Amino acid sequence: MRYTKMAETTQINFRIPVDLKTQAQEKAETYWTNLNFLVKLFLTKFVKWDDIVKVTQDVDIEKVFDQWIVNYLSSKEWQSRTKKINKMLTDITNNPEKEKDFLV
């Protein structure tokens, strides 16, 4: 008697909203397939292709970052720090001997 080796497989269990499963199942049926095949197909392509998933975000991070920068640079702390830096730079440039220490 000759036995053929079965493919090694594993089972995945995950939770998704019932509505999503129902909608996906119905759509899969219109393509004459099922969720099991689609998940295997997706995972196979996900492993093989670098660009199968395109991550997008609905938050404009630049606007969030820009707003943070504006708020930070407008703060009293930053204004005080800027004045100190400007004074240090003025002191250095007004003193040629000190200025040499900072030139590269």
Side-chain angles (χ1 to χ4, degrees):
M1 195 180 272
R2 187 172 189 182
Y3 293 101
T4 57
K5 184 178 177 185
M6 284 183 58
E8 291 184 26
T9 62
T10 188
Q11 183 173 341
I12 299 175
N13 294 314
F14 54 93
R15 296 192 172 277
I16 60 172
V18 173
D19 289 346
L20 176 61
K21 179 192 176 264
T22 303
Q23 290 173 356
Q25 223 166 3
E26 289 171 359
K27 187 169 184 178
E29 288 172 5
T30 65
Y31 289 99
W32 295 86
T33 189
N34 58 47
L35 295 181
N36 186 49
F37 173 77
L38 292 176
V39 169
K40 284 192 281 188
L41 178 64
F42 172 77
L43 292 175
T44 301
K45 300 299 181 185
F46 181 73
V47 169
K48 289 182 180 179
W49 298 352
D50 290 334
D51 60 352
I52 191 162
V53 175
K54 180 179 179 185
V55 178
T56 60
Q57 56 187 11
D58 60 353
V59 175
D60 189 349
I61 197 68
E62 288 183 14
K63 285 184 181 177
V64 172
F65 182 74
D66 289 348
Q67 185 59 46
W68 177 84
I69 290 290
V70 167
N71 289 343
Y72 183 74
L73 295 180
S74 302
S75 70
K76 296 218 182 280
E77 176 191 357
W78 182 253
Q79 290 174 0
S80 172
R81 185 176 291 170
T82 302
K83 287 177 185 175
K84 287 178 186 175
I85 292 170
N86 287 340
K87 184 177 180 337
M88 287 172 53
L89 291 173
T90 302
D91 291 347
I92 291 168
T93 56
N94 287 340
N95 186 341
E97 288 303 312
K98 247 186 178 179
E99 189 175 19
K100 289 178 186 175
D101 295 339
F102 294 94
L103 296 176
V104 179

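Hydrogens, waters and symmetry mates are skipped; everything else that's a heavy atom, side chains included, is used. This one's a predicted model, so the numbers in the text were calculated from it and none came from an experiment. Residue numbers run from 1 in the order of the sequence given.
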Check step by step if side-chain hydrogen bond (donor to acceptor under 3.5 Å, both in side chains) holds for Gln25 and Lys21.
CA-CA 6 Å; Gln25 223 166 3; Lys21 179 192 176 264; 3.1 Å; yes
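Here the straight-line distance linking atom CZ of Arg81 with atom CD of Gln79 works out to 12.5 Å at 0.5 Å rounding. With rounding to the nearest 0.5 angstrom, the CD atom of Glu29 is 8.5 Å from the CG atom of Leu35. The line from CD of Glu26 to OG1 of Thr30 is 9.5 Å long, rounded to the nearest 0.5 Å. Once rounded to the nearest 0.5 Å, the distance linking CG of Leu89 with NZ of Lys87 reads 11.0 Å.
Clustering ILVMFWY residues whenever any of their side-chain heavy atoms sit less than 4.5 angstrom apart, transitively, puts Phe46 in the very cluster that holds Ile16. No continuous path of hydrophobic side-chain contacts links Leu43 to Tyr31 [ILVMFWY only; heavy atoms under 4.5 Å]. In terms of hydrophobic clustering, with Ile, Leu, Val, Met, Phe, Trp and Tyr side chains grouped at heavy-atom distances under 4.5 Å, Phe14 and Leu20 are assigned to a common cluster.
Neither side chain, Trp78 nor Ser74, offers a donor N or O lying under 3.5 Å from an acceptor on the other.
For Thr44 (side chain) and Lys40 (main-chain N/O), a donor-acceptor pair under 3.5 Å exists by modelled atom type. Of the possible polar contacts, none joining the Asn95 side chain to the Asp91 backbone as a donor-acceptor pair under 3.5 Å is found.
Residue Phe42 places its CZ atom among more than 12 non-hydrogen atoms of other residues, nucleotides or ligands, all under 6.0 Å distant.
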